[in-house]
Structures are given as structure tokens and as C-alpha cells.
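Some notes on the structure that comes next.
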Amino acid sequence: MSDIPKKEPSYPVPDALLKPYNPAEVEDRLYAEWEKSGYFNPDICEQKGVIDPTLPYFSIVLPPPNVTGVLHMGSAFMLAIEDAMVRFARMQGRKTLWIPGTDHAAIATQAKVEKLISKEEKKNRHDLGREEFLKRVEQFAKESHDVIVKQIRKTGCSIDWSREAFTLDEKRSLAVKTAFKRMYDDGIIYRGYRIVNWDPKGQTTISDDEIVYQTEKTKLYTFRYAKDFPIAIATTRPETKIGDTAVAVHPDDARYKKYVGKEYDIDFAGVHLHIKIVADSAVNPEFGTGAVGVTPAHSMTDWDIAQRHHLPLVPIIDERARMMESAGSLHGKKVAEVRISVVEWLAKETLIEKEEEIEHNIATAERTGGIIEPMPRLQWFVNVNAKFKNQSEKLAGIKKGEEVTLKELMLAVVKNGQTKILPDRFEKVYFHWIENLRDWCISRQIWYGHQIPVWYKENKMHCDISAPKEDGWVQDEDTLDTWFSSGLWTFSTLGWPEETADLKQFHPTTILETGYDILFFWIARMILMSTYLLGDIPFKTVYLHGLVRDKDGNKISKSLGNNLDPLEIISQYGADAMRMSLLVGTGPGNDSRISNEKLKAYKHFANKIWNVARFLVGTTLSTDTDLALLEPADRETYNTFSEFKKDITSDFENYRLYLAAEKIYQYLWHTLADILIEEKKPILSGEDSPAKKSAQVLLQRIFTDSLKLLHPFMPFITEEIWSLIQSKDTVEKRLLMTERWPE
RNA sequence: GCACUCUUAGCUCAGUUGGUUAGAGCGUCCCAUUCACAUUGGGAAGGUCGGAGGUUCGAAUCCUCCAGAGUGCACCA
């Protein structure tokens, strides 16, 4: 015990409390203590009797961070929200599980490693070969993983490390293969020759959701295929016209009615075209000339038109975005070059009628930035419109035995409120997306990921969990879209396809907390997978958070140079201050702003609580806590505080964390410290009296309960104070993290 | 083009179901400070709640229209 306090306190003040609060000295030590206690694991909580068995379970999966790098502020935001939810549930006495994990992030990770290898060794993945390349990726993924795990610990997350999962580990592989096989056997997954989004840079297909549209100025050319061709068409991609097999006009367009059904043979830039005039209502008569040159092999909408009119398909562009043999003398040339030569040819033949500059969106690949070339390829798809018999009785609005599609399942559970999305405006966005959903292309021509569990031999195809026994079968070289495995995350982490105890007691998960930017990628896919494979929803509530922005409202990103490293912030301000800065005032669906001012303010707050503790230890704590000792006025203050506790509890239960955090902050600083303590100071320094006793009981009760209320948001400092104020004669030291939530 | 969100103090934002006199933090100004407080306290100034209309006993909150900012989706031939 210290002998050097400024003023001799009535009770001994622990040394630690005499200095300002220093998170760096506290955080790692406490995290280790929490981990050692085992309380992150619900089974241990159960064994040690800190669970109230009458309460419902609480379970949540961590949205697995990509092993493409380290965590950013967005991840810190997510961790702060989830840990607050988890700590609240655990303190309530619910059997609480939070499962950690990381995502192999197929394309993203492979692209990153390819970039590194190309930069450092001037090699591509083919130079290394599949086996060696995968070794490199795995090494990289492991290093990222280790950093990520460290960051999660630094943030103070009370997550059950004993159940950590990886989307590409053995158990998750089994889940992926089992899911694939079931869907394949049921005809939900099929292999088909269809037009897909091809990324020439990444040399793979991607799904519709992995496309990012970028606005660009480009030229719109209006021209005729030939002098004697009756209709002029407009295009921004003259080079693709070599693959045209039709011209489509709107059925009601009087200008072109007389031509519909006619066919023409044309020589176009040295290539022979056979063009049929068709009428299709997908054509907008207002745009350009109101006539579309139909290129079925290299445009999504043209593909659809071609399907409706049974038009032939002429692929002219290959995987490297070069012209194919069908392009005659242009064979082997790059698409961009061919555009110029086709325009030159058109000009020479005086076929161009108009040239105008327009703004137009070009499709690029999210991960590589490559310009998407739509082209027909033999790929694997999930059929979202195939009818099947629902086998489950657990889905709201859908009867057992009823014929449904995946689309209908995904709609039903949200429409019927079985899964709620917060804020609810995102439900509309979700519905809109599903209504426009097309079959999901799940095969990727990359190496890093779950290899498709299908084997080929001669003309035979075999889908199974493991390779066929007999010789000669060759496995499909493609891997699965990373979202296929993340779609299983709520139950693959619980042991599915095995019927584990975890699966029985923790699924559906209570809540899924993630950023609104992956509503389609991930949330929709989890609902798809869970309703189909388990016949149950994956989660009851979806809580969507926004982006983290800087002081001026800019998106935080490396390219803007305003990148913030959570570890840096933690070492400067402490994890608690960072968590509070991210949480206070940021409701679901809203973006969070972070600034040094805000971080400083909550660091000050930490110190304020620290000082409150110092003062109260010296004057109040370790005295009686019997509420019967309260005098009438104090009794009333205490009752007001009880109302306050209920209010906080209700905010937590309704996921209004941002309000709860702010209210506790206000209460501790501006009610407890500024008003109550100030008011009681003279009494506390006076002679012993019933009034003094009453003040001590009041402040003691309010402070210890306030620590509990604040714990989900600022776990480190509250735990540290808790340990310092416990009387030394307590036999077994208790942790605040498993103390019962104050009612 | 369709949809959604936002617009409240100088700045950043709360404001839960429509209900006293619209709040906080930061900033500014004044005062106090040998005090539990390196990071303190008290106080002040500052708002026609984007604009117009409507519903209501009552509107920052609900409805309609308008303006500005942002986001998502689609089209993009």
C-alpha cells in the first residue's frame, strides 16, 4: 500500500490507482486473464455455474475477415459492436457463444499474392505451378491470419478461440463438399454453357455481384453494317459487331416494322455476317436509332434476346480479350486495337452517320480492375429458379412439401419476419435484389479455394465428397466462389454436416452483425444456404453497420492516404477509447466518424472513471452496501438510478447500443461525478453519521453497477477497476465479465 | 431511370411511440481551481429543426411537393 497520497485517505488506495490510467499496462494482461479463465467458452461458463439455464442462448458468428491483409477501422468497428453485444448477453447469464474465424477470400487473396510474386520475382502463377503457388498463398494467408488474430485480441473481443474456424480448413471443406453434392443431386447446381462475366485480367469468371461499374466517357458510333443495309445501329463497341447475328427493334416501332423477319448477308470489315431482323421488347426505341446490333456471345442482354429468337452464337473474343479465328484477318489482335481498325474501316467505307461522346458505365472486376468481357463458357451455376419440394417445417410462410425455388425461400423468411434486418429499410433493398437475381455462377478459374468436387472420365461426370476409387477420373480444375463457403458459415462453424451438440444448441444464431456493403454477397447467400440445406434460417436478426469515415466524412482507405491502423490507435488511446469512439452515436446502418478529438475525449473519459474510482476507494468503497441504510433523499436518487439501469437494459435488448453507450457516458461523468459526488463530498469528509453511511452506500452501489453497465463498451478499464476495488479478503477473485447484469 | 438515406447550434451529431422550455460533444467567451482529476469544475452566448403546404389539441418527428447532398440497383445497344 502506498504511503504517498496527497492526502491521507480513509481507506488504503491501491498503488495502481494513484497514477493516471494507462491502458498499455492493463490491456494485454487482462486479456490474458480473461482467456485463462475460460469464460469466452460457453461450456466453461456452464461448468462454472455462471449461466442462468432458464434464459435463451445467444450465439453469433464473427464475419470472418479476409486473409488478404490486416484489419482496418471497419473491422474494429464491427468488433466493438459485436463484443458489446456478446458481453451484455454473457452478463445477463445467457449461454453465449461468439465464434471466430477467417475467410480464405479466394480471388482477393490469390490476386494479392500474384501481385506480390510478380513484383518481387517477376513471375506469374503458371511459372510456379499450381502446387508451389498454393504453398505461397497458404504461407501468406497464415501470416495475415496471425496478425488478424492478434488484432482481434487487442480489441478486447471475448470470443471463443477454442472454436476458431477457417473457410478453407478441413471441417469447412467437408461442409462445402457436402453442400455442393446435395445441391448437385437435387438439380439445384448444374453445369451449363452460358454467358458469364469473364475477367481477362484475373483469368476467371466472376459473379454479377463482383462487378463494379465505372463511369467513363466514350464514343457512341451510329453506322450501318453496309451501304445497302436498311437500318442504322448505334454502339460503343464497334469491334464486337463482328459477332452480330441479328438486329433487334422494338415490336411497336413503326419505322422498322417492315423489316422484321428479313435476313441479310453482309461483308463487314472483311468478315461475313448473316443478320436477321427481330422484334424484341427489350429494345428501347428512344435510344440511338432504336435498333440494336445483337451480339449474342458478348453481351448479357443480347444473349437473352438471342435465346428468345433462337439466334446463332458467334464468339469472337477469347479469354485474353483478343479476337478469335472467327474474326478473320483480325484474329489475334487485342480488342482495343480492333475497335480502332473497325472504326477506320467504317470511316473509309463512309458508313458512319454519327459520332458522339457519351457517359457510359463500364463493367470492371472488383478485385483485379480488369474490364469484364461477357462471353459464353461452360461453368457451374446455382439455379435460383428451380422448383424443389421444401422438406422443412421451420420456415415461416412455407409448408412442408410445398414446391418452392431458392428465390422464394430467400424472400419468404424475411417477408414473414422470421429474419429481421436492422435498419429495416435494408429489407427493401434485399427484396429488390432477389427479385432481379439471376443464376449464381459459382465456378472460378483460380487455384486458391475449394476445388469443385466433381470428377470426369471420358464422357462421364461424377460428383461426390471424395474422388472415385477407380483410376482415370480427373477432378474439375475450377474452384468455388468464396461466397459459397462463407454462405455456410453460421452452421459450418458449428460442425455441420455432423449433427453436433453445438449445432443443436446454437443454431439459428441469434444475430448476424456485419457491414451493409455485403448484404447481397454474404447475408443473402447465408439465407439461401441455410434455408435450403438446414431448412432453417441462419439468424434471427441482422444488424447492419455502416462505414467508418474520417473527421471530414471521407471513406477511410489506403488510396486516400487517411488510413488508420487500429493497433496504432489502441496504443495511443487504448482499446476502450477506440471502441467508445466508434460506437457512441452510430446507429445501425449509419456510418461512424472517427477523429482524434473523439478518441481523445474518450481517453479522457477513461481517466475520469479512473479518478472516480480513486476517490471512491478512499472514501466509500469497502463499506456496507445495505440499501436499508439509505436516507430518503438518497433512496430517491437510487430509485432514479434503477430506472436508468432499466433504460440501458432496454437499449441493449433493442440493439440501440449507440444510445446506451452515450447515456452511460453522460451518467458517469455528468451525474455521478459532477453532481452526486460533489454533493456528497462535505458529508464524506465529515464525522461518521447516518447521512455519511447513506452517502457511502449510495455512491458505492451506483458506481459498481455503473462499471457493469459500462463493461460491454469499455471492458478493460472496468475490469481493472473492478479488480482493484474488490476487498482483499475475498477468497476467490471474481471477474467483472461474468458478473450478473444489474437489474 | 427506379429506390433509399440525409439536411437540427460555428463544427460533428443525438433526439426511441407525435407530448413540458429541442439536447450533447468539440469550439468560442466569462469565472473558479493547494480540490479524486497531467485529461478539473461552474456558467454564458449560439437554433424560424433545408423550403413550402397539409394532418393533429399538439409536428424536428406523420403526409405531399420542392431544393441540395449522398448511397444502392438497373440501363448503358
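A quick note: this is a predicted structure, and the numbers were derived from the prediction, not measured. Each chain gets a letter, A, B and so on, in the order the sequences are listed, and its residues count up from 1.
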Taking only N/O atoms, report every protein-nucleotides 1-9 of chain B pair under 3.5 Å with atom names and distance.
{"residue": "B:C4", "atom": "OP1", "partner": "A:Lys428", "partner atom": "NZ", "Å": "3.2"}

Secondary structure of RNA chain B per the Watson-Crick/G-U criterion (both distances under 3.5 Å; [ ] crossing, | other strand, . unpaired) is (((((((..((((.....[...)))).(((((.......))))).....(((((..]....))))))))))))....

If you measure from the [atom1] atom in [N] to the same atom in [M], how many Å do you get, rounded?
N     : M     : atom1 : answer
B:G68 : B:U56 : P     : 32 Å
B:G54 : B:U61 : P     : 14 Å
B:U16 : B:G50 : P     : 14 Å

Here the salt bridge (Lys or Arg N to Asp or Glu O under 4.0 Å) pairs for residues 646-662 of chain A, sequence neighbours left out, are A:Glu643-A:Lys646, A:Asp647-A:Lys663, A:Asp651-A:Arg656, A:Asp651-A:Lys663

- prompt: Below 4.0 angstrom from OP1 or OP2 of B:G41, is there any side-chain N or O of A:Lys608?
  reply: yes

Numerically ordered, the residues 662-669 of chain A set in heavy-atom contact under 4.0 Å with RNA chain B is A:Glu662, A:Lys663, A:Gln666, A:Trp669

Contacts of A:His298 meeting side chain to side chain donor-acceptor pair (under 3.5 Å) (sequence neighbours excluded), chain-then-number -> none

In short, A:Leu684 meets A:Ala695 closest at the heavy-atom pair CD2-CB, 4.2 Å

Name the atoms and distances for all side-chain donor-acceptor pairs under 3.5 Å in residues 245-252 of chain A, with sequence neighbours left out.
{"residue": "A:Thr245", "atom": "OG1", "partner": "A:Pro312", "partner atom": "O", "Å": "3.1"}
{"residue": "A:His250", "atom": "ND1", "partner": "A:Asp252", "partner atom": "N", "Å": "3.1"}

**Asked** Can you find a donor-acceptor pair, distance only, under 3.5 Å between A:Glu678 side chain and B:A36 base?
**Response** yes

Exercise. Any luck finding a side-chain donor-acceptor pair between A:Tyr658 and A:Asn590 under 3.5 Å?
Worked result: no

